[in-house]
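Notes follow once the structure below has been shown.
Just so you know, these numbers use all the heavy atoms, side chains as well, and skip hydrogens, waters and symmetry mates. A note on names: the letters A, B, ... follow the listed sequences, proteins ahead of strands, and every chain is numbered from 1.
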There are 2 protein chains.
Amino acid sequence: MRTVYEKADVVPMIAEIFRDLGYEGTSLSRITERTGLGKGSLYHFFPGGKEEMAATVLAEVDGWFERFVFEPLRRDDPAQGIATMWAAVDDYFRSGGRVCLVGAFALDETRDRFATAIRGYFARWIEALRDALVRGGRDPADAALDAEEVVLGIQGALVLARALGDPAVFTRALDRLKDRL
Amino acid sequence: MRTVYEKADVVPMIAEIFRDLGYEGTSLSRITERTGLGKGSLYHFFPGGKEEMAATVLAEVDGWFERFVFEPLRRDDPAQGIATMWAAVDDYFRSGGRVCLVGAFALDETRDRFATAIRGYFARWIEALRDALVRGGRDPADAALDAEEVVLGIQGALVLARALGDPAVFTRALDRLKDRL
DNA sequence: CGTTCTCTGTACCGAACGGTAAACTGAAGT
DNA sequence: ACTTCAGTTTACCGTTCGGTACAGAGAACG
């Protein structure tokens with residue numbers, strides 16, 4: 001029996017592993033056991049090894065947010081774009097049951113390895129949200145602070161929800177942030 | 001030449017390593033090179049190995065917050081206790097230049113290993129702050145949400161400050177939270 | 001059929017991992 | 001002086017790490 005994968009099937013599985021275990025906690029053997037792929041296949045898809053796997057995963061996460069969060073914020077009318085963002089965020093983070101890969105990578109020395117990808121993700125999120133708020137009539141200086149506060153609040157809510165083992169913390173925080181905008 | 005340490009000198013050094021590298025990223029060899037202690041000394045102080053080192057470090061961080069944040073919140077008059085908290089937090093996290101060990105441990109599977117310590121740290125913080133707010137006259141239901149929001153906001157600010165490489169994010173967030181209470 | 005190309009399985013490498021054992025050093029206690 | 005004991009040093013253990021090499025499987029195409 002021989003199961004054949006394509007790279008596109010593999011990336012989300014690996015993403016979930018990095019999300020659960022962090023960069024250093026993720027070993028090739030954990031990846032092989034959770035994906036069913038041998039090292040040969042893994043290195044066929046990712047010649048750069050573990051670092052390329054993580055970089056690809058980061059790019060995929062970034063792509064998802066770009067398409068379902070940042071772009072709607074830029075393109076749609078402000079209220080609509082922001083509503084899309086709330087729904088997408090709640091969905092993506094499974095209402096607090098899932099953690100942010102990019103945020104997790106940011107906390108330890110893994111950040112240095114992927115600094116530009118990590119910075120870019122958050123910077124574009126904040127910028128897109130700020131611009132939407134400004135287009136919606138908010139004072140530019142306030143909008144910048146509000147956007148920062150929303151993104152930071154989401155990250156903090158994920159940390160706290162997981163620390164307390166209580167996803168409801170995330171839902172509550174999201175509601176509060178929603179009300180404030 | 002023979003340098004002799006006491007355990008009390010060693011714990012803060014190890015704490016800083018775990019903070020920088022995370023649990024999985026911290027190896028005994030990194031600890032020996034950054035502390036100057038050989039494995040023998042390390043295992044003399046911590047017979048339980050790496051896990052006991054991390055547990056000790058968590059307990060020390062918890063002790064610090066208990067003494068300089070949670071206790072003042074419970075003991076002092078509310079406004080004073082909260083003021084002490086802001087100063088201690090800003091000081092401890094080096095105005096955004098340092099990350100929260102407990103929050104970092106919470107994000108990956110390391111949380112499972114130290115679940116009760118991690119949950120306890122955040123639960124006691126939120127509880128102490130909530131009670132101080134109630135004693136200060138805030139409606140109990142609002143106080144609970146506000147306390148949660150403050151602790152979560154601090155964690156999020158640390159994540160975002162480090163992700164963007166900009167400690168000012170932390171300072172700004174702290175000011176905002178301060179104003180809101 | 002034969003070739004080509006993508007993907008897989010397995011065996012292997014040196015290095016680093018967490019951890020152990022035991023001999024040693026030096027100061028304090030008697 | 002002799003013991004005791006906290007702390008150090010060094011060598012070593014088995015395992016796992018990330019990474020490599022390479023033969024083989026199987027569909028696609030001529």
Side-chain angles (χ1 to χ4, degrees), chain A residues 1-60 101 104-105 108-114 117, chain B residues 1-58 60 101 104-105 108-114:
Chain A
M1 161 108 169
R2 185 181 134 102
T3 324
V4 177
Y5 289 93
E6 289 177 24
K7 192 167 174 178
D9 305 323
V10 167
V11 175
M13 298 190 204
I14 299 183
E16 213 56 38
I17 303 174
F18 275 115
R19 212 191 312 276
D20 289 350
L21 310 179
Y23 183 78
E24 293 294 342
T26 299
S27 65
L28 294 191
S29 64
R30 301 287 294 259
I31 298 181
T32 62
E33 77 189 21
R34 275 176 59 168
T35 60
L37 273 81
K39 282 192 189 184
S41 307
L42 254 12
Y43 272 84
H44 170 70
F45 291 126
F46 310 97
K50 186 178 168 180
E51 178 150 3
E52 185 179 340
M53 297 177 207
T56 305
V57 158
L58 272 176
E60 214 226 13
L101 213 226
F105 277 17
D108 60 36
E109 63 155 7
T110 306
R111 195 212 55 154
D112 302 335
R113 222 188 267 264
F114 305 107
Chain B
M1 160 111 167
R2 187 179 131 103
T3 323
V4 177
Y5 290 92
E6 289 176 25
K7 191 168 172 175
D9 304 322
V10 168
V11 175
M13 296 191 207
I14 299 183
E16 214 55 38
I17 304 175
F18 275 114
R19 211 191 311 278
D20 289 350
L21 311 180
Y23 183 78
E24 293 295 341
T26 299
S27 67
L28 294 190
S29 64
R30 300 286 294 258
I31 299 182
T32 63
E33 77 189 20
R34 275 176 59 167
T35 60
L37 273 81
K39 283 191 189 182
S41 306
L42 253 13
Y43 272 83
H44 172 69
F45 291 126
F46 310 96
K50 184 178 168 180
E51 178 151 2
E52 185 178 341
M53 297 178 207
T56 305
V57 157
L58 272 176
E60 214 226 12
L101 212 227
F105 276 17
D108 60 36
E109 62 155 8
T110 307
R111 195 212 57 153
D112 303 335
R113 222 188 266 264
F114 305 108

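- Near DNA chain D, meaning a heavy atom under 4.0 Å from it, residues 46-55 of chain A has Gly49(A), Lys50(A) in order of number.
- The list of salt bridge (charged side-chain N to carboxylate O under 4.0 Å, His left out) pairs with a residue in residues 15-26 of chain A, not counting sequence neighbours, reads Glu16(A)-Arg19(A), Glu16(A)-Arg98(A), Asp20(A)-Arg34(A).
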Please table the atom pairs, donor to acceptor, closer than 3.5 Å between any side-chain atom in residues 37-45 of chain B and protein atoms at least two apart or in another chain.
none

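- Every residue two or more places apart in sequence or in another chain that forms a side-chain hydrogen bond (donor to acceptor under 3.5 Å, both in side chains) with Ser29(A) is listed here: Ser27(A).
- Judged as a side-chain hydrogen bond (donor to acceptor under 3.5 Å, both in side chains), and not counting sequence neighbours, the contacts of Thr110(B) are Asp108(B).
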Any N/O pairs under 3.5 Å between the protein and nucleotides 21-23 of chain C? List them or say none.
none

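- Taking the six-membered ring where tryptophan is involved, the planes of Phe18(B) and Tyr23(B) are essentially parallel, since the angle between them stays under 30° and well short of 60°.
- Straight-line distance from the CD atom of Glu6(B) to the C1' atom of dG7(D): 11 Å, rounded to whole Å.
- Applying the 4.0 Å criterion to OP1 and OP2 of dA6(D), one finds that His44(B) has every side-chain N and O outside that range.
- Using a 4.0 Å heavy-atom cutoff across all strands shown, Tyr43(A) reaches at least one base atom of the nucleic acid.
- Between Phe114(B) and Ala54(B), the closest heavy-atom pair is CZ-CB, 3.6 Å.
- The heavy-atom pair separating Glu60(B) from Pro12(B) by the smallest distance is OE2-CG, 3.9 Å.
- The CG atom of Leu37(A) sits 17 Å away from the P atom of dT6(C) (whole-angstrom rounding).
- dT20(C) atom P lies 13 Å from atom CG of Leu42(B), rounded to whole Å.
- Distance check: Phe46(B) CZ to Thr56(B) OG1 gives 5.0 Å after rounding to the nearest 0.5 Å.
- Under the salt bridge (charged side-chain N to carboxylate O under 4.0 Å, His left out) criterion, Glu109(B) pairs with Arg30(A), sequence neighbours left out.
- Residue Lys7(B) contributes atom NZ, which lies 13 Å from atom C1' of dG7(D) at whole-angstrom precision.
- Considering only residues two or more places apart in sequence or on other chains, Arg113(B) meets the side-chain hydrogen bond (donor to acceptor under 3.5 Å, both in side chains) condition with Glu51(B).
- Looking at residues 13-29 of chain B, you'll see Thr26(B), Ser27(B), Leu28(B), Ser29(B) sit with a heavy atom under 4.0 Å from some atom of DNA chain C.
- For the side chain to side chain contact (heavy atoms under 4.5 Å, CB included) with Met53(B), the lone residue among Leu28(B), Thr26(B), Ile17(B), Leu58(B) that qualifies is Leu28(B).
- Residue Phe45(A) contributes atom CZ, which lies 19 Å from atom P of dG18(D) at whole-angstrom precision.
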